[in-house]
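Everything below concerns the one structure shown next.
Side chains included, hydrogens not; waters and symmetry mates left out as well; all remaining heavy atoms used. Every chain is numbered from 1, with letters handed out A, B, ... down the list of sequences.
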There are 2 protein chains.
Amino acid sequence: MTHQRQVLYEVMKTMHGHPSPEEVYAKVKKKVPAVSLATVYKNIHLFVESGIFREVSLHHGSQRVEMNREPHHHMVCSRCKSITDIGERDLGLSGKHGRLPGGFLVERYSVDVIGICAKCQQS
Amino acid sequence: MTHQRQVLYEVMKTMHGHPSPEEVYAKVKKKVPAVSLATVYKNIHLFVESGIFREVSLHHGSQRVEMNREPHHHMVCSRCKSITDIGERDLGLSGKHGRLPGGFLVERYSVDVIGICAKCQQS
DNA sequence: GTTCTTGCAAAGGATTTGCATCCTC
DNA sequence: GAGGATGCAAATCCTTTGCAAGAAC
């Protein structure tokens, strides 16, 4: 537990919304001017790995295009990041009808089920 | 409607799953060896913009860390990509209990509501 | 012909990595 | 003192862009 890791954690705890590593870096720099962006990245990665913080959406390394035209959602393995489709019915979710808070106009729902795929469960 | 755009579209129609631009590029290259990756990117972007294809999850430019520890989901504006939290209750979704197809072990649900935020609706 | 598209290479942004040095325990 | 963490810079990956040459209508 180093000083910068401690400060990084404290700073992040006070933040709201969905900050990017750059934004966290900017805040930490105010308390520890010599801190490097690499350190911020390394520690955020560590925090997310250990479950202390969570990332908003899993990155798949690159953009992915959806080929399944049926209404469906995704099962995303938190280990290998594989994406498997799951039909709306199988998932058992039903979107709320009507307006959402703040006047947000709904186009579609995109549900990711995060978990461990069968293959990763074996290893 | 150029030749490479036509081929790109035809190739993509035959693909399954969630291919990356690189994967699409590799397939198109077999039919049009001189095609460039830039062209593939440009056209995929065009297809997604016009709604012919859809991207699996919206990119926010960089990683985002979740600071809200309450159970909640996200409203993501398809124009400005802003992320707004929405409580589980407000969203009116309830996850299915029990096992999912393929033995997928559920850790959590991550629901993104894709649409247009109030601010973007005005402009 | 005019406009849009292509291919190439260079630029760009986000993130990771190698490595020598420095800090914790 | 050993092992892990830091800072720096270079490297990497994914994606976009500028621009001259080429295709489409």
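- In this structure, CZ of A/Phe47 is placed 17 Å from P of C/dT15, rounded to the nearest angstrom.
- Considering only the side chain of B/Ser36, C/dG7 comes nearest among C/dT16, C/dG7, D/dT15.
- Using a 4.0 Å heavy-atom distance criterion, B/Glu22 is classed as making no nucleic acid contact.
- Shown here is B/Lys81, whose NZ atom has more than 12 heavy atoms of other residues, nucleotides or ligands within 6.0 Å.
- The aromatic rings of B/Phe53 and B/Phe47 are tilted relative to each other, their planes meeting at an angle between 30° and 60°.
- Using a 4.0 Å cut-off, no side-chain N or O of B/Arg5 falls inside it from OP1 or OP2 of D/dA23.
- Taking only side-chain atoms of B/Ala38, from C-beta outward, the nucleotide of C/dT24, D/dT15, C/dA9 with the closest atom is C/dA9.
- For the pair B/Thr39 and C/dG7, the criterion of a side-chain N or O lying under 4.0 Å from OP1 or OP2 is met.
- Under 4.0 angstrom from either OP1 or OP2 of C/dT6 there lies at least one side-chain N or O belonging to B/Thr2.
- Judged by distance alone, the side chains of A/Glu22 and B/Ser62 never bring a donor and an acceptor atom under 3.5 Å apart.
- Regarding B/Asn43, its CG atom lies at a distance of 15 Å from the P atom of D/dT17, rounded to whole Å.
- In this structure a side-chain-to-backbone donor-acceptor pair under 3.5 Å is present from A/Arg64 to B/His18.
- For A/Tyr41, whose side chain is taken as the heavy atoms from C-beta onward, the closest listed nucleotide among D/dT15, C/dA14, D/dT16 is C/dA14.
- Taking atom CD on B/Glu23 and atom P on D/dC13, their separation rounds to 16 Å, with Å as the unit.
- Summarising the geometry, the separation between NZ on B/Lys81 and P on D/dT15 is reported as 12 Å, rounded to the nearest angstrom.
- Regarding A/Gln6, its CD atom lies at a distance of 12 Å from the P atom of D/dT6, rounded to whole Å.
- The CE atom of A/Met1 sits 16 Å away from the C1' atom of D/dG3 (whole-angstrom rounding).
- Taking a 6.0 Å sphere around NE2 of B/His45, one finds it holds 12 or fewer heavy atoms contributed by other residues, nucleotides or ligands.
- Residue whose closest nucleotide on DNA chain C sits further toward the 5' end, between B/Ser62 and B/Val32: B/Val32.
- The NZ-P distance, from A/Lys42 to D/dG4, rounds to 14 Å in whole Å.
- Look at CD on A/Gln4: it is 11 Å from P on D/dC8, rounded to the nearest Å.
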